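The structure under discussion appears below in the form of structure tokens.
Keep in mind the model is a prediction, meaning the values are calculated, not measured.
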Amino acid sequence: MVRRGGAATFGDATGEYLALRTASAYVRDWYDLLWVRGPDAVTFLEGLVSQAVEGVEPGSAARSLLLSPQGKLRAPHVLLRGEDEVGLITDAGVGETAAADLRRFKIRVDASIEPETGPVVGVWGPTAAAAVASVTGIEPELGWRRHESVVVAAVPVAAVAYPRFVVVGEEAAAFDRAGVSGAGTLAADAVRIEAGEPIMGVDIDERTIPQEAGLVADAVDFTKGCYLGQELVARIDSRGHVNRQLRGLVMASNVLPPPGAEVVRSDAVVGSISSVAESLELRAPVGLALVRREVAPDDAVVVRWEKGEAPATVRALPLDSFEA
């Protein structure tokens, strides 16, 4: 799985983090966008993804999942519902996976599957709507809008109220000229870890069950008809449980463990850390990890790697509410 390839920092990681938290900044190479277009676009996707596509109003955006036939994650996405077109915003590097999966099931369907070829830029932060309007002339709203070659979509964050938009058709340089700074992955990772947002191919992968990652609540419609991978998701919801859960970790010392470091409790390895960053809001290094379900929030653990270890506390997600 290809990870988004943006710069770690544009030269001031602290300033970039503060812009994302208190104003706005853009992120590059964070998203892929795929379009399904044609008279059968909506009905085609209705039978494949976890969201009730036919029930989403045109112009609206909703979180959704594309799963394997076995019910494991393939491409979590934000679905942009149109009349005869539907967009799927995925993590960078995941768009090709989604396109290949959809093409595999495209039999006697009057719809095309087209990766977005224009620039795709994310704009995050409390003043992101104003920043997007200043560059595109489009006043962002819930859902998505198109004006000529430019698309603006509001991307919902699962557990917190944090403004986040995707702009298609405007280069990052346009935001630079408007005085909107860029943020590298050091700052952006800190914000999305605080929000409890996993990245496909980093924190979760094709072995992950949706319930393990906490992605079910607003991405799965349990009243719709059949879709790809439905059986496992429905069975766990009705009468089962998962053995792992995505949790946050807050380090008790100012040490950033490397991704892949073991999470240990009572000398037993209960998981491994997948993402780490420095949270200025929490004044501590933070991380995400899939850990055994018996490890509860507020449990003390040790994060251990070849050259060191750090005490940490397990936390429920999100780590921060983002309230002003």
Side-chain angles (χ1 to χ4, degrees), residues 1-6 8 27 29-32 50 63-68 71-78 89-95 97-98 122 124 155-160 162 164 184-220 233 242-251 256-264 269-279 282 284-293 295 297 301 303 305 310 312-320:
M1 189 69 66
V2 179
R3 170 67 162 155
R4 69 253 190 277
V27 295
D29 305 312
W30 200 273
Y31 301 107
D32 286 347
S50 64
R63 294 172 72 97
S64 182
L65 306 172
L66 179 62
L67 306 174
S68 71
K72 306 293 182 66
L73 292 173
R74 291 288 290 170
H77 56 273
V78 171
I89 300 173
T90 72
D91 295 327
V94 183
T97 297
W124 302 1
V155 178
V157 184
V160 297
Y162 179 74
R164 192 169 62 169
T185 56
L186 289 176
D189 271 337
V191 172
R192 64 103 182 164
I193 290 170
E194 291 166 346
E197 286 275 297
I199 290 283
M200 187 68 182
V202 177
D203 307 294
I204 53 179
D205 58 25
E206 291 89 345
R207 299 166 296 179
T208 308
I209 297 169
Q211 281 94 338
E212 293 178 327
L215 297 178
V216 169
D218 57 352
V220 175
V233 175
V242 291
N243 293 324
R244 305 181 300 169
Q245 290 184 309
L246 187 71
R247 297 294 192 191
L249 294 173
V250 179
M251 310 303 154
L256 266 73
E262 295 177 338
V263 180
V264 179
V269 177
V270 294
S272 62
I273 195 165
S274 52
S275 291
V276 291
E278 183 72 34
S279 170
L282 300 179
V286 295
L288 295 177
L290 279 167
V291 298
R292 295 285 305 175
R293 67 186 180 94
V295 181
V301 295
V303 180
W305 61 102
T313 303
V314 176
R315 299 292 189 199
L317 295 172
L319 293 173
D320 184 59

Exercise. Say you draw a straight line from CG of L319 to CG of L282; how long is it, rounded to the nearest 0.5 Å?
Worked result: 6.0 Å
Exercise. Taking it one step at a time, do V314 and L249 satisfy side chain to side chain contact (heavy atoms under 4.5 Å, CB included)?
Worked result: CA-CA 5 Å; V314 176; L249 294 173; 3.8 Å; yes
Exercise. Under the 3.5 angstrom rule, does the side chain of T208 hit a backbone N or O of L73 as a donor-acceptor pair?
Worked result: no
Exercise. Could you give the distance from NZ (K72) to CZ (R207), rounded to the nearest 0.5 Å?
Worked result: 9.5 Å
Exercise. Heavy atoms, side chains only, cut-off 4.5 Å: are E206 and S68 in contact?
Worked result: no
Problem set entry | Gap between atom OG of S274 and atom CD1 of I199 - 0.5 Å precision | 10.0 Å
Problem set entry | A158: partners by side-chain contact (heavy atoms from CB on, under 4.5 Å), with sequence neighbours left out | R63, E197, D218
Exercise. Side chains of W124 and V155: does their closest heavy-atom pair fall under 4.5 Å?
Worked result: no
Problem set entry | Pairing residues for E262 by the side-chain contact (heavy atoms from CB on, under 4.5 Å) criterion, not counting sequence neighbours | V264, V269
For this session: State, to 0.1 Å, how close V160 and A195 come at their nearest heavy-atom pair, and which atoms those are.
Result: CG2-CB, 3.9 Å
For this session: Please report the shortest heavy-atom distance between A312 and V303, naming the atom on each side.
Result: CB-CG2, 4.0 Å
Exercise. Side chains of R315 and P297: does their closest heavy-atom pair fall under 4.5 Å?
Worked result: no
Exercise. When rounded to the nearest 0.5 angstrom, what is the spacing between CG in L67 and CD1 in I209?
Worked result: 10.5 Å
Exercise. Mind checking whether V216 and S50 have side chains closer than 4.5 Å, heavy atoms only?
Worked result: no
Exercise. Between the main-chain N or O of L288 and the side-chain N or O of S275, is there a donor-acceptor pair closer than 3.5 Å?
Worked result: no
Problem set entry | Flag, side chain of E194 to backbone of P318, donor-acceptor distance under 3.5 Å | no
Problem set entry | Nearest-0.5 Å distance that lies between atom CG in L290 and atom OG in S272 | 7.5 Å
Exercise. Would E212 and L246 satisfy side chain to side chain contact (heavy atoms under 4.5 Å, CB included), going step by step from the backbone distance to the final call?
Worked result: CA-CA 6 Å; E212 293 178 327; L246 187 71; over 6 Å; no
Exercise. Would you call V78 and Y31 a side-chain contact if the rule is heavy atoms closer than 4.5 Å?
Worked result: no
For this session: Show the numbers, then the answer: is there a side chain to side chain contact (heavy atoms under 4.5 Å, CB included) between V191 and R164?
Result: CA-CA 11 Å; V191 172; R164 192 169 62 169; over 6 Å; no
Exercise. How far apart are the closest heavy atoms of V250 and A284, and which atoms are they?
Worked result: CG1-CB, 3.8 Å
Exercise. Side chains of T90 and H77: do they bring a donor and an acceptor to under 3.5 Å?
Worked result: no
For this session: Heavy atoms only: give me the nearest Y162-V157 pair and the separation to one decimal.
Result: O-CG2, 3.6 Å
Problem set entry | Nearest non-hydrogen partners of A75 and V94, listed with the distance | CB-CG1, 3.6 Å
For this session: Sequence neighbours left out, what passes side-chain contact (heavy atoms from CB on, under 4.5 Å) with V291? Give chain and number order.
Result: R247, V263, A289, V295
Problem set entry | R244 CZ to R293 CZ distance, which is reported to the nearest 0.5 Å | 13.5 Å
Exercise. Below 4.0 angstrom, N of the basic side chain to O of the carboxylate: do R192 and D91 qualify?
Worked result: no
Exercise. Which pair of non-hydrogen atoms, one from A261 and one from W305, has the smallest distance, and what is that distance?
Worked result: CB-CB, 3.9 Å
For this session: Indicate yes or no: at least one non-hydrogen side-chain atom of L65 is less than 4.5 angstrom from one of V233.
Result: no
For this session: Report the C-alpha distance between L215 and I204 in whole Å, list the side-chain angles of each, state the deciding distance to 0.1 Å, and finish with yes or no for side chain to side chain contact (heavy atoms under 4.5 Å, CB included).
Result: CA-CA 11 Å; L215 297 178; I204 53 179; 4.0 Å; yes
